2 protein chains.
Amino acid sequence: MRYLVYPVQGNDTSVYKSVYLPMTCTNVITNLSRHISLTKEECDLISSKVRQVELKRKKVIIHEGQVAKDVAFVLSGCLRSYSVDDNGFEHILQFAPAEWWITDMYSFIAQQPAYLTVEAITDSEIALLSRKDQLDLFDQIPKLERYFRILTENSLVGTRQRLIDNLSLTAKQRYENFCNLYPSLINEIPQKLIAEYIGVTPEFLSKMRTQLLRSR
Amino acid sequence: MRYLVYPVQGNDTSVYKSVYLPMTCTNVITNLSRHISLTKEECDLISSKVRQVELKRKKVIIHEGQVAKDVAFVLSGCLRSYSVDDNGFEHILQFAPAEWWITDMYSFIAQQPAYLTVEAITDSEIALLSRKDQLDLFDQIPKLERYFRILTENSLVGTRQRLIDNLSLTAKQRYENFCNLYPSLINEIPQKLIAEYIGVTPEFLSKMRTQLLRSR
DNA sequence: CTGTTTTCTTAATCTATGTTATTGGTTACT
DNA sequence: AGTAACCAATAACATAGATTAAGAAAACAG
């Protein structure tokens, strides 16, 4: 399975929760505990640094051109990161359903202006951790650094793999990749956004889908 | 200038040196000194860890599937990193003319099996630094860590920008981008490789080039 | 609940890029 | 030097995917 490049993001175990259902929020600690063992004190310390926030649909948390102060963990709902090209077209780099992390990784790490915008696709609840608090936590809980280091490495590999895929795969294959990586999103977000992610027009995605349906 | 994303790699100052000319090798220390100030002792320490190697054309230094032990600094000649897709087509991720660094960044950092192959395009001279020696140097010369951290961040941004470019630009624009990023390579490496980099067939690149020539 | 906006589908047409094949020119091998 | 292997150019033809347009369905806001 070439596409499970985000092991610590729990995309294999999580089930997308529609915003129309009552939300049962996983919190950051529960997710972290699945990957590293934490004492009660460490959990409390992390909790004290994390700010829980409710986000309305279309609300932006990372703005292009500004430094990304925070990395966000999605408790419920779904966010996306994208860049806008010179013709005004948006290109989606990543989706983040429940239990995924999202930010402009470069901006967050280097504390340089972001190239990306990060925005809620649906009403969502997220947990925010600032770069400063993150670095403080690394000092006090060294094993956390490993967790985030792997997260960053996966982000690097994921981006690189998508570049290679865009150079070598057809639109249909890229759509299948999307379905494997984000199974929970297929029927939950506008197709328009899926088209933006795989790099085709919404019209062409619609055509592909009817072809895929008929061939079954 | 959106494309100068490798500031510490000196691509703006370096001139590609043909392998047919006598080689005047810049060494690693000279390059590092341009970005951070080093004492005599620190220079000697770094020199003691760096192994200078001559590479014949087509010689591979990082093998897909094996852990990338080293990061390479190109003294003369040119290398490339690429991945091979399921149909046997090669896709070039990066070129490294003189004064650029190259490796499978993910494999090198995470010490996991590489997805990429790194190979000499022309007879080259390179300087190799192992991951272990690099980490030792970080302990003894902390400012080196900053230098390599920025290198890694630029690799992240560069890959991401290429992904966005492949989603939003035409082949002609991507060729122009290549020319800006690697001006020294345009007439020095086979066009076939340039085509692989920008993601078109060699035939189509040839067609584009005659169009560009006629339009001037 | 209703009018407005957004999204999805379908179809006709168009275009950028791929494919295949041929030719001639370089470079490498012995 | 001679042959093999590779590389660039060109052209005719093929196709994946874009564009445009229009109507239907869904989602949203007041």
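Remember, it's a predicted structure, so these values are computed and weren't measured experimentally. In what follows, chains are A, B, ... by sequence order, proteins preceding strands, each numbered from 1.
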Practice task
Could you tell me whether the side chain of B/Ser107 and the main chain of B/Gln112 form a donor-acceptor pair under 3.5 Å?
Solution key: yes
Scan nucleotides 18-22 of chain D against the protein and return all N/O pairs shorter than 3.5 Å with their distances rounded to 0.1 Å.
residue	atom	partner	partner atom	Å
D/dA18	OP2	A/Thr201	N	3.2
D/dA18	OP2	A/Thr201	OG1	3.3

Problem - Between C1' of C/dT17 and CG of B/Asn166, the distance in whole Å - result: 14 Å
Practice task
Identify the heavy atoms of A/Val28 and A/Ala127 that sit nearest to each other, and give their distance.
Solution key: CG2-CB, 3.4 Å
Exercise for the section: Figure out the CE/C1' separation between A/Met208 and C/dC8, and round it to whole Å. Expected result: 14 Å
Fill in the blank from the handout: When rounded to whole Å, the CD1 to C1' distance for the pair B/Ile189 and C/dT26 reads 17 Å
Exercise for the section: Round to the nearest Å and state the distance from A/Glu188 atom CD to D/dA26 atom P. Expected result: 16 Å
Exercise for the section: Let me know the distance between NZ of A/Lys192 and P of C/dT9, rounded to the nearest Å. Expected result: 14 Å
Handout entry: Cation-pi geometry met for A/Arg162 and A/Tyr197 (6.0 Å, 45°)
Key = yes
Handout entry: Protein-nucleotide distance (A/Gln211, atom CD; C/dA11, atom C1'), rounded to Å
Key = 13 Å
Exercise for the section: Let me know the distance between CD of B/Glu196 and P of D/dA8, rounded to the nearest Å. Expected result: 11 Å
Problem - Spatial distance of atom CZ (B/Arg131) from atom NZ (B/Lys69) [nearest 0.5 Å] - result: 14.5 Å
Practice task
Determine the interplanar angle of the A/Phe178 and A/Tyr175 rings, folded into 0 to 90°, and report it as parallel if under 30°, tilted if 30 to 60°, perpendicular if over 60°.
Solution key: parallel
Problem - A/Gln191 side chain, from C-beta outward: closest of C/dC8, C/dT10, D/dA8 - result: C/dC8
Problem - Residues forming a ring pair (Phe, Tyr, Trp, His ring centres under 6.0 Å) with B/Phe148, sequence neighbours excluded - result: B/Trp101, B/Phe138
Practice task
Give the rounded distance in Å between these two atoms: CG of A/Leu169 and C1' of C/dG18.
Solution key: 16 Å
